[in-house]
Protein chains: 2
Amino acid sequence: MNQLVKEIYDVISNNDYKLTNQRKIVIDALVKNQEDHLNCDEIYDLVKNVDKNLGLATIYRSLKLFVQLGILTELNIGDGSIRYDLVDLNTNSHNHHHLICKSCGKIIEVKDDSLETLEKEIEKIYDFKIENHKCKFMGLCKECIENS
Amino acid sequence: MNQLVKEIYDVISNNDYKLTNQRKIVIDALVKNQEDHLNCDEIYDLVKNVDKNLGLATIYRSLKLFVQLGILTELNIGDGSIRYDLVDLNTNSHNHHHLICKSCGKIIEVKDDSLETLEKEIEKIYDFKIENHKCKFMGLCKECIENS
DNA sequence: CTTACTGCAAAAGGTTTGCAATATT
DNA sequence: AATATTGCAAACCTTTTGCAGTAAG
């Protein structure tokens with residue numbers, strides 16, 4: 001079994017939540033489509049092929065739980081739905097940003113931890129303890145620039 | 001009249017939209033409560049005191065227009081509603097970030113343009129033309145740290 | 001065997017829209 | 001006078017919730 005899947009299972013079990021079939025199916029969809037930043041409805045569509053009876057409400061509840069357990073973070077690209085991003089459980093860091101193409105909607109992940117200096121500065125100036133950050137860059141991707 | 005208000009009026013007129021009483025009232029509420037990052041419903045509450053008949057739909061439509069005209073930007077703090085942030089029309093830059101206290105919900109504005117270096121780097125590596133960015137830092141504000 | 005979890009359907013937000021009346025240019 | 005804008009109510013969409021039945025530990 002995929003190493004990441006195993007780690008996620010552990011987080012759930014170790015926190016005394018039950019490893020139900022439905023949760024496993026949702027996790028499978030999330031891991032297999034990491035790049036896609038799916039929203040609940042899109043996960044529902046995928047998951048129906050595996051278990052026709054799996055309900056939408058169950059997915060909403062699963063996703064909420066996974067966020068609470070630190071397995072996922074929420075991502076808002078302004079389309080009216082919440083999208084989800086798998087957290088790298090090993091580094092336990094949120095050190096990546098998103099490039100969102102305003103033309104085609106593509107989301108590109110950017111690994112970067114260069115915000116740490118800025119964070120330290122902000123913490124000092126504002127007496128604010130930063131625990132996490134979310135950074136989005138909006139613009140045009142390579143393909144959309146070429147096709148315009 | 002407030003200089004900022006005058007500038008906003010100009011943007012609306014110059015783009016051939018009508019300077020209606022309702023739009024003026026909404027602008028007034030936005031300018032007078034710049035710090036508060038109001039959502040539509042909160043603006044509705046404020047505005048009702050000025051014009052009891054001003055409808056919620058009108059505010060939604062005004063806010064959409066103002067975003068389109070670059071007068072406002074949308075801000076998502078994860079409470080399920082869209083909040084709004086006045087753009088500094090003179091600098092025409094989006095060079096500020098938000099600190100969001102996860103305990104009391106307070107939003108603190110941080111002036112900073114240190115992301116430009118990072119943006120240039122990202123543009124080069126990913127062939128992505130960045131037009132704007134949104135950056136949120138989540139954590140605990142001074143007061144909430146002291147009261148815990 | 002206990003109680004957390006699920007599925008369903010209904011409800012609850014927030015936001016959008018159609019239409020007739022109104023106000024701005 | 002022409003038409004963009006408004007107010008109202010209904011519609012829409014995403015997300016949440018109550019409850020009875022089911023399954024994981």
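As a basis for the values below, the full set of heavy atoms in this structure was taken, side chains included, without hydrogen atoms, waters or symmetry mates. Naming: A, B, ... by sequence-line order, numbering from 1 per chain.
- At whole-Å resolution of the value, CG in B:N76 and P in D:dT14 are 16 Å apart.
- Residues from residues 1-21 of chain A placing a heavy atom under 4.0 Å of any atom in DNA chain C, listed by number, are A:Y17, A:K18, A:T20.
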Could you tabulate the donor-acceptor pairs under 3.5 Å formed by side-chain atoms of residues 51-69 of chain A, not counting sequence neighbours?
unit_1	atom_1	unit_2	atom_2	d
A:D51	OD1	A:N53	N	2.9
A:S62	OG	A:T58	O	2.8
A:Q68	NE2	A:Y17	OH	3.3

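- Overall bending of the helix from C:dC1-D:dG25 to C:dT25-D:dA1, expressed as the angle between end axes built from five pairs apiece, is 40° (10° steps).
- For DNA chain C, none of the residues of residues 33-48 of chain A falls under the heavy-atom distance limit of 4.0 Å.
- When the salt bridge (Lys or Arg N to Asp or Glu O under 4.0 Å) test is applied to B:R23, no partner is found at least two apart in sequence or on another chain.
- For residues 52-65 of chain B, proximity to DNA chain D is found at B:N53, B:L54, B:G55, B:A57, B:T58, B:R61, defined as any non-hydrogen atom under 4.0 angstrom from a strand atom.
- Under the salt bridge (Lys or Arg N to Asp or Glu O under 4.0 Å) criterion, B:K134 pairs with no residue, sequence neighbours left out.
- B:S114 pairs by the side chain to side chain contact (heavy atoms under 4.5 Å, CB included) definition with A:L118, B:D112, not counting sequence neighbours.
- For the side chain to side chain contact (heavy atoms under 4.5 Å, CB included) test, residues two or more places apart in sequence or in another chain that qualify with A:K120 are A:E116.
- With sequence neighbours excluded, the residues forming a salt bridge (Lys or Arg N to Asp or Glu O under 4.0 Å) with B:D45 are B:K48, listed by chain and number.
- Regarding contacts with the backbone of D:dA23, every side-chain N or O of A:Q22 stays at 4.0 angstrom or more from both OP1 and OP2.
- Scored by the salt bridge (Lys or Arg N to Asp or Glu O under 4.0 Å) test, A:E119 finds no partners at all (sequence neighbours excluded).
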What pairs of nitrogen or oxygen atoms, one from the protein and one from nucleotides 10-13 of chain D, lie under 3.5 Å apart?
none

